[in-house]
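Encoded as structure tokens, the structure appears first; notes follow it.
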Amino acid sequence: MVLVYCFFQQVIAAMETQLSNGPTCNNTAHGSATINNCSSPVDSGNTEDSKTNLIVNYLPQNMTQEELKSLFGSIGEIESCKLVRDKITGQSLGYGFVNYVDPKDAEKAINTLNGLRLQTKTIKVSYARPSSASIRDANLYVSGLPKTMTQKELEQLFSQYGRIITSRILVDQVTGVSRGVGFIRFDKRIEAEEAIKGLNGQKPPGATEPITVKFANNPSQKTNQAILSQLYHSPNRRYPAPLAQQAQRFRLDNLLNIAYGVKRFPPMTIDGMTSLAGINIPGHAGTGWCIFVYNLAPDADESILWQMFGPFGAVTNVKVIRDFNTNKCKGFGFVTMTNYDEAAMAIASLNGYRLGDRVLQVSFKTNKTHKA
DNA sequence: TCAGATT
């Protein structure tokens, strides 16, 4: 039980930080090999830009377009939504676009969803730049950096050549020490070209060795082997569980059996059973596991549910039930999660969680409650 | 020593 306790503590602590501080910047959550990336999400750098179209980065690998739409649709009406996928493999490239009808909703999405933790990722939400050839292939790979150089210093070095969209220094996963390599993405290709001319083979101030600056590999130029690996090595499980989670799976199943009378079946089997025999399995709605969240405050909104449940795994939908006349939350809501294990972990962790001055009751949805 | 930001 110690392992699972530690895991809960980690998730809850991260969640509390986010709930109390609001979204911040991308961080080192779950051993990411990168350091902070705190470029301002609101500054599109150009007042002529669209104020409705957003780019969403660092999405979980297996998040679908529908899930993206569900998440951002909780803010306001969406004009269009697209998850960008690899043309050959169909795999998500981890980013997408959301175009709102109302610019106010786009701004609200940035304010409420930028920095949201989803699985092992911290998403970034910012205004999309108008698509053009001039902003493509503007990404540089930098090696030979002094190990002491910070991301800020790296940006200072390169900012003389143009507007930096992202910067990153890769670090050792264990020690956190810089690996001396990083990336700089400029707004324009021409700025990147100038930076190569000016900095490749040069020694940064105070450095003893020259750095190498060149264009970064393009993700669409993967080797055949990498593509084949992606095609044939598709996991049978959408999200690998953290070690502590896997280790406690069966124990948790037992706990949940006692608490909720739920047996662990593969979802497809249950779909078949329910459709054929009309059997009702608590929480299982056919498209995922429906979770009942009780004792929400009157001003609770969908974003709080995303923030609470997102870190535990694939969330496909959230809903706050509101009074028709007042539009205030009636004290409860629903969350749909794709994977049983992740839903079980979320319930085990969040049931009894104190949100503000309220203690939440979280369980698989049963027929006793309001129909979602 | 190349993570994943322009449809």
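Protein chains get the first letters and strands the later ones, always in sequence-line order, with residue 1 at the start of each. Worth knowing before you read on, the calculation uses all heavy atoms, side chains too, and leaves out hydrogens, waters and symmetry mates.
Residue contacts for A:Lys147: at a heavy-atom cut-off of 4.0 Å it reaches a base atom on one of the strands shown. Counting any heavy atom pair closer than 4.0 Å across all strands shown, A:Lys87 reaches no nucleic acid atom. Looking at heavy-atom distances under 4.0 Å, A:Tyr95 makes contact with sugar-phosphate atoms alone, never a base.
A 6.0 Å sphere centred on NZ of A:Lys69 holds no more than 12 heavy atoms belonging to other residues, nucleotides or ligands.
Counting to the nearest Å, the C1' atom of B:dC2 and the CG atom of A:Asn139 are 9 Å from each other. If you measure from atom CD1 of A:Ile164 to atom P of B:dA3, you get 20 Å, rounded to the nearest angstrom. The CG atom of A:Leu93 sits 16 Å away from the C1' atom of B:dC2 (whole-angstrom rounding). B:dT1 atom P lies 12 Å from atom CG of A:Leu170, rounded to whole Å. One interatomic measurement links the two molecules: NZ of A:Lys121 to C1' of B:dG4, which rounds to 8 Å at whole-angstrom precision. Going from atom CD1 of A:Ile169 over to atom P of B:dC2 covers 16 Å, rounded to whole Å. Rounding to whole angstrom units, CD of residue A:Gln173 and C1' of B:dT1 are separated by 13 Å. For the pair A:Asn217 CG and B:dA3 P, the interatomic distance rounds to 9 Å; values are reported in whole Å.
In the set B:dC2, B:dT6, B:dA5, the nucleotide with an atom closest to the side chain of A:Ala128 is B:dT6. Comparing B:dT6, B:dT7, B:dA5 by their nearest atom to the side chain of A:Asn53 picks out B:dT7. When the nucleotides B:dA5, B:dT6, B:dA3 are ranked by their closest atom to the side chain of A:Tyr58, B:dA5 comes out on top. Looking at the side chain of A:Ile135, the nearest of the listed nucleotides B:dT7, B:dA5, B:dT6 is B:dT6. Of the candidates B:dT1, B:dT7, B:dA3, the closest approach to any side-chain atom of A:Val181 belongs to B:dT1. Here the nucleotide nearest the side chain of A:Arg179, chosen from B:dA5, B:dC2, B:dT7, is B:dC2.
No side-chain heavy atom of A:Val56 sits less than 4.5 Å from a side-chain heavy atom of A:Tyr95. In this structure, A:Leu71 and A:Leu113 have side chains that are in contact, with non-hydrogen atoms separated by less than 4.5 Å.
Side-chain nitrogen and oxygen atoms of A:Ser131 include at least one within less than 4.0 Å of the OP1 or OP2 phosphate oxygen of B:dT7. Of the side-chain N and O atoms in A:Asn57, one or more sit less than 4.0 angstrom from OP1 or OP2 of B:dA5.
In terms of polar N and O atoms assigned as donor or acceptor, the side chain of A:Arg136 never comes within less than 3.5 Å of the base of B:dT6 in a complementary pairing.
Ranked by how close their nearest DNA chain B nucleotide is to the 5' end, A:Lys214 and A:Leu59 are led by A:Lys214.
Annotation: cation-pi geometry not satisfied between A:Arg358 and A:Tyr294 (NZ/CZ under 6.0 angstrom from ring centroid, within 45° of ring axis).
For A:Thr316 and A:Glu67, the side-chain atoms include no donor-acceptor pair closer than 3.5 Å. In summary, the side chains of A:Gln61 and A:Ser92 do not present any donor paired with an acceptor at a separation below 3.5 Å, with no hydrogens or angles considered.
In this structure, the aromatic ring of A:Phe183 is positioned over the six-membered ring of the base of B:dA3, centres within 5.5 Å and planes within 30°.
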